[in-house]
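One structure is given below, encoded as structure tokens.
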There are 2 protein chains.
Amino acid sequence: MSVFKKRLGQYVTLDDEEWGPFDALDHKEQVFLAGDDIVRAGDAIRHVFIVMEGWAIRYRLLEDGRRQIVNFMLPGDVFDLQSLADLKADHSLTAITECKVLVIASDVFVDMLQCSASLASAFWWSAVQEESILREQIVRIGRRSARERIGHLLLELQRRFVGATGLDVERLTVPLTRADIADALGLTPVHVSRTMSAMRRADLITEGRGGEITIVDRNKLARLSHFDTDYLHLKKLQIIGAGRRVMEPGEPQRGLAD
Amino acid sequence: MSVFKKRLGQYVTLDDEEWGPFDALDHKEQVFLAGDDIVRAGDAIRHVFIVMEGWAIRYRLLEDGRRQIVNFMLPGDVFDLQSLADLKADHSLTAITECKVLVIASDVFVDMLQCSASLASAFWWSAVQEESILREQIVRIGRRSARERIGHLLLELQRRFVGATGLDVERLTVPLTRADIADALGLTPVHVSRTMSAMRRADLITEGRGGEITIVDRNKLARLSHFDTDYLHLKKLQIIGAGRRVMEPGEPQRGLAD
DNA sequence: CGCACCATTGAGTAAAATCAACCTATGTGG
DNA sequence: CCACATAGGTTGATTTTACTCAATGGTGCG
């Protein structure tokens with residue numbers, strides 16, 4: 001099953017028939033190399049994109065070169081549903097690793113939403129989750145210390161990655177430079193470097209070759225970063241892997257760092 | 001005409017017939033006093049709200065009492081379209097002045113959207129604009145100095161207020177304490193006070209009785225704060241008042257601080 | 001009047017930024 | 001295979017920005 005269906009599956013469970021109108025969509029698949037722009041600020045957007053593989057960033061550049069990364073697009077993420085409103089992009093989207101992306105014309109996409117209430121509901125959840133992630137990003141930057149910001153972001157990325165792939169990995173390969181993390185969290189690369197060094201010394205994370213970050217003790221890091229998954233609006237937890245439990249919809253969820 | 005229709009009118013122009021399904025909606029009107037909660041974090045949301053009068057804030061509280069205001073709800077603003085996805089609120093909404101609010105059951109609202117493409121498009125724009133305002137808030141907090149943040153926020157609030165009321169006011173009555181501004185911008189009240197004093201001394205703003213803030217030179221403040229209205233996605237400018245010009249849809253817009 | 005709430009101001013401190021040097025991998029061309 | 005360039009990460013010294021703590025004063029209200 002595609003990462004995309006797995007991701008939406010975190011909110012609703014659709015059977016093959018319900019996926020029908022989606023599977024029948026006229027679409028193309030496009031590959032972007034690391035560094036390629038997917039959407040440029042000012043572009044008229046006429047397509048909906050779904051990330052199948054790779055990571056991308058959504059960011060704004062200020063006149064003087066400062067950059068703010070607004071959020072990260074991971075496998076399974078959908079953007080820009082805002083294109084349905086026929087507007088110009090107010091920010092840019094760039095692949096930071098090689099990305100495989102599904103591209104669907106906005107009008108075709110709208111037709112699909114109108115003919116299937118269950119698909120519309122699933123995509124609506126996706127849009128709501130994205131907005132919720134933006135709000136959490138505001139809280140993270142506005143009211144947390146550097147260490148809390150970094151820990152919180154790592155936990156979010158890890159949790160979102162698990163949601164899309166179903167793989168319960170503590171060891172996440174994060175293709176982000178110190179500058180990327182800094183521009184996402186409102187810090188400088190130097191300070192990110194120092195803070196992450198301190199986090200390594202405090203046994204919160206370890207780092208290996210090529211951006212591989214391991215969260216040593218998820219609960220401890222979650223406590224220190226005040227991370228709580230509520231804002232991701234996950235209705236159930238479906239994890240595939242050795243010795244993992246599978247939760248049913250409706251089963252109450254632990255609040256912290258699951 | 002209601003502030004609400006005026007606000008959506010910034011994006012689309014609908015005639016009486018097109019507004020029909022909206023006017024026919026079963027709704028109630030509710031008044032909240034300053035300090036009243038409109039939505040509490042954890043509540044199941046089953047209603048769409050439209051602010052007719054007054055100001056409200058959307059915010060999250062951290063465990064240790066820190067507060068982050070995510071955004072401000074002004075007359076004409078619609079929330080929570082996220083209720084259409086049947087989720088629990090991950091944040092709270094509180095009136096900061098007396099608010100008159102239209103309350104519509106989510107399912108009734110969805111029915112209306114489905115029977116009118118032009119209304120659906122108008123509300124979709126409203127949701128897109130809200131998300132765009134969130135992204136700009138991230139940029140503001142993440143990559144701007146205290147003075148830039150305050151100037152930028154004041155300009156946004158002024159512009160949004162003009163959009164909803166049609167009154168081109170330089171003198172905006174902002175019902176916000178220093179603590180509110182601080183919690184919105186990731187600062188402390190003390191620093192907000194100091195920075196705004198400096199802004200008064202620099203003739204960027206003046207302040208009168210009861211939170212009345214006048215933007216002395218909008219263009220100068222916009223330049224200093226790097227404020228640009230693009231992210232508000234306004235298609236046309238309709239201003240009522242002495243000696244004001246009225247722009248037609250399609251007419252190009254100036255980028256700065258209009 | 002006395003209380004509550006808010007804004008302001010001063011003094012000292014802390015967190016993060018800046019500037020700059022240096023180190024390590026990786027990749028390139030001779 | 002080595003010389004060199006590039007990009008990213010780290011570390012030290014110093015400065016800046018914003019925070020903290022604390023006192024003071026105004027305003028509105030019962």
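The basis for the numbers below is simple: all heavy atoms, side chains too, and nothing from hydrogens, waters or symmetry mates. Each chain gets a letter, A, B and so on, in the order the sequences are listed, and its residues count up from 1.
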query: Taking B/Gln68 for the side chain and B/Asp183 for the main chain, is one N or O donor matched with an acceptor at less than 3.5 Å?
result: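 Here the side-chain-to-backbone pair exists.
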field: Any donor-acceptor pair under 3.5 Å from B/Arg200 side chain to B/Ile205 backbone
entry: no
Report which part of the nucleic acid [X] touches: base, sugar-phosphate, or nothing (heavy-atom distance under 4.0 Å, all strands).
X: B/Arg200; answer: sugar-phosphate
X: B/Gly186; answer: sugar-phosphate
X: B/Ser145; answer: sugar-phosphate
X: A/Arg149; answer: nothing

Whole angstrom value for the distance that separates [atom2] of [N] from [atom1] of [X]:
X: A/Asp180; N: D/dG9; atom1: CG; atom2: C1'; answer: 13 Å
X: B/Ile141; N: C/dA16; atom1: CD1; atom2: C1'; answer: 17 Å
X: B/Leu187; N: D/dC19; atom1: CG; atom2: C1'; answer: 10 Å
X: B/Ile150; N: D/dT17; atom1: CD1; atom2: C1'; answer: 13 Å
X: B/Met196; N: D/dA18; atom1: CE; atom2: C1'; answer: 17 Å
X: B/Leu185; N: D/dA18; atom1: CG; atom2: P; answer: 11 Å
X: A/Arg144; N: D/dC19; atom1: CZ; atom2: P; answer: 17 Å
X: A/Ile181; N: C/dA17; atom1: CD1; atom2: P; answer: 14 Å

message: On DNA chain D, does the nearest nucleotide to A/Arg143 precede the nearest nucleotide to A/Leu176 from the 5' side, or the other way round? Give the residue.
response: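 Its nearest nucleotide lies further toward 5', so the answer is A/Leu176.
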query: Just by distance, with hydrogens left out, do B/Ser197 and B/Arg194 show a side-chain donor and acceptor under 3.5 Å apart?
result: no
message: With no hydrogens and no angle check, just 3.5 Å: does a side-chain donor-acceptor pair link A/Arg171 and A/Gln158?
response: no
task: If the plane angle is over 60° it's perpendicular, under 30° parallel, otherwise tilted; pick one for B/Tyr231 and B/His152.
output: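 Ring orientation of B/Tyr231 relative to B/His152: parallel.
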As a test of reading the structure: which of [options] is closest to the side chain of [X], going by heavy atoms?
X: B/Ser197; options: D/dG8, C/dT9, C/dT18; answer: C/dT9
X: B/Arg209; options: D/dG9, D/dT27, C/dA16; answer: D/dT27
X: B/Arg194; options: C/dT9, D/dT11, D/dA18; answer: C/dT9
X: B/Val190; options: C/dA16, D/dA22, D/dG9; answer: D/dA22
X: B/Arg178; options: C/dT8, D/dA18, D/dG9; answer: C/dT8

query: Is A/Arg143 paired with A/Glu148 through a side-chain N to carboxylate O contact shorter than 4.0 Å?
result: no
field: Short N-O contact, A/Glu207 and A/Arg178, less than 4.0 angstrom
entry: yes
If the cut-off is 4.0 Å, is [X] near the phosphate of [N], judged by side-chain N/O to OP1 or OP2?
X: B/Ser193; N: C/dT8; answer: yes
X: A/Thr188; N: C/dA16; answer: no
X: A/Arg201; N: D/dT10; answer: no

- prompt: How far does the helix from C/dC1-D/dG30 to C/dG30-D/dC1 bend, going by the axes of its first and last five pairs, to the nearest 10°?
  reply: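 The angle separating the two end axes equals 30°.
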query: Would you call B/Leu224 and B/Leu204 a side-chain contact if the rule is heavy atoms closer than 4.5 Å?
result: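 In contact.
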